[in-house]
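Before any comments, here is the structure.
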Amino acid sequence: MAIGERIAANLKKGSIVALYGTLGAGKTCITKGIGRFLGIDEAITSPSYTIISEYTTRHPDILPFYHIDAYRLEGDDDFIALGGEELLFGEGISVIEWSERLKSTIPAGAITVTITLLEDGHRHITIEGLETLK
């Protein structure tokens with residue numbers, strides 16, 4: 001969650017965070033950290049079945065926060081049919097789990113977070129697209 005909070009400190013209106021990693025890698029945990037930094041009071045859970053969850057932040061310049069889970073989508077066309085592109089290019093922040101399923105939809109300027117589970121149980125996390133991490 002601390003990594004999510006550090007990422008969130010660098011986000012602004014329209015930011016997109018694309019999370020990559022296997023089941024249990026920690027994608028939702030990073031999302032919870034982002035939400036905590038933004039002042040979301042609701043419990044953030046993986047939206048595997050709802051696909052898109054919308055939260056209200058207490059941050060005056062960033063409303064709303066979209067938590068997107070692409071695991072159950074067949075690809076970009078499914079996401080577009082749900083109106084997903086409107087969310088990505090709107091006024092809020094979007095965090096997308098299972099981003100590898102939306103290869104064509106994730107814009108080039110998105111922040112990417114790749115989480116790799118190591119054999120010893122630790123994680124290797126790579127963050128790209130941030131100038132500096134506070």
Side-chain angles (χ1 to χ4, degrees):
M1 285 186 53
I3 292 171
E5 289 178 336
R6 292 175 65 195
I7 291 169
N10 294 274
L11 302 178
K12 60 186 183 301
K13 197 181 281 193
S15 290
I16 298 168
V17 180
L19 302 174
Y20 298 86
T22 59
L23 189 65
K27 297 179 296 293
T28 302
C29 190
I30 286 177
T31 303
K32 288 179 180 185
I34 293 169
R36 184 165 65 184
F37 182 89
L38 296 174
I40 294 172
D41 295 324
E42 299 172 65
I44 293 176
T45 59
S46 181
S48 293
Y49 294 99
T50 58
I51 301 179
I52 301 170
S53 293
E54 181 178 340
Y55 299 94
T56 301
T57 73
R58 282 190 268 138
H59 195 288
D61 297 326
I62 302 172
L63 295 170
F65 174 78
Y66 299 109
H67 183 197
I68 301 161
D69 188 323
Y71 183 75
R72 299 204 178 280
L73 299 177
E74 293 295 323
D76 297 289
D77 290 340
D78 280 357
F79 185 64
I80 292 166
L82 290 171
E85 282 188 313
E86 294 172 20
L87 304 179
L88 294 185
F89 302 106
E91 296 293 311
I93 287 177
S94 297
V95 175
I96 307 166
E97 295 190 32
W98 298 99
S99 294
E100 51 271 34
R101 296 184 182 266
L102 304 177
K103 294 175 186 169
S104 299
T105 306
I106 306 293
I111 297 158
T112 61
V113 179
T114 304
I115 308 165
T116 306
L117 288 172
L118 305 176
E119 288 183 22
D120 64 2
H122 289 90
R123 289 167 174 82
H124 180 265
I125 300 172
T126 304
I127 302 169
E128 297 176 355
L130 287 178
E131 295 292 326
T132 59
L133 189 59
K134 296 178 184 177

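In this text the structure is predicted, and so the values were computed from the model without any measurement. All residue numbers refer to positions in the sequence shown, counting from 1.
Hydrophobic clustering of Ile, Leu, Val, Met, Phe, Trp and Tyr side chains at less than 4.5 Å, counting indirect connections, keeps Ile80 apart from Leu102. Criterion: ILVMFWY side-chain heavy atoms under 4.5 Å apart, direct or through other members. Under it, Met1 and Leu117 are not part of a common hydrophobic cluster.
Nearest heavy atoms, Thr45 versus Thr28: C-CG2, 4.3 Å. Contact detail for Tyr55 and Ile44: the closest heavy-atom pair is OH-CA, 3.5 Å. Considering every non-hydrogen atom in both Ile16 and Leu88, the closest pair reads CD1-O, 3.5 Å.
With rounding to the nearest 0.5 angstrom, the CD1 atom of Ile115 is 9.0 Å from the CD1 atom of Ile127. One finds the CZ atom of Phe37 at 9.5 Å from the CD1 atom of Ile93 (value rounded to the nearest 0.5 Å). Going from atom CD1 of Ile34 over to atom CD1 of Ile7 covers 5.0 Å, rounded to the nearest 0.5 Å. One distance of note links OG1 of Thr56 with CG of Leu38; it measures 11.5 Å at 0.5 Å rounding. Once rounded to the nearest 0.5 Å, the distance linking CD1 of Ile52 with CD1 of Ile96 reads 9.0 Å. Summarising the geometry, atom CZ belonging to Arg72 is positioned 10.5 Å from atom CH2 belonging to Trp98; distances are rounded to the nearest 0.5 Å.
Remark: Arg123 pairs with no residue by the salt bridge (charged side-chain N to carboxylate O under 4.0 Å, His left out) rule, at least two apart or across chains. Applying the salt bridge (charged side-chain N to carboxylate O under 4.0 Å, His left out) criterion to Asp41, with sequence neighbours excluded, gives Arg58.
At least one side-chain heavy atom of Ile40 sits less than 4.5 Å from a side-chain heavy atom of Thr57. Residues Leu82 and Leu73 meet the side-chain proximity criterion, which asks for heavy atoms closer than 4.5 Å. Counting heavy atoms from C-beta on, the side chains of Arg101 and Tyr71 come closer than 4.5 Å. The shortest distance between side-chain heavy atoms of Phe79 and Ile68 falls below 4.5 Å.
Thr112 contributes no side-chain N or O that, together with a main-chain N or O of Ala18, makes up a donor-acceptor pair within less than 3.5 Å. Formation of a donor-acceptor pair under 3.5 Å by the Lys27 side chain with backbone atoms of Thr22 is found in this model.
Enclosure of atom CG in Leu118 by more than 12 non-hydrogen atoms of other residues, nucleotides or ligands within 6.0 angstrom is indicated.
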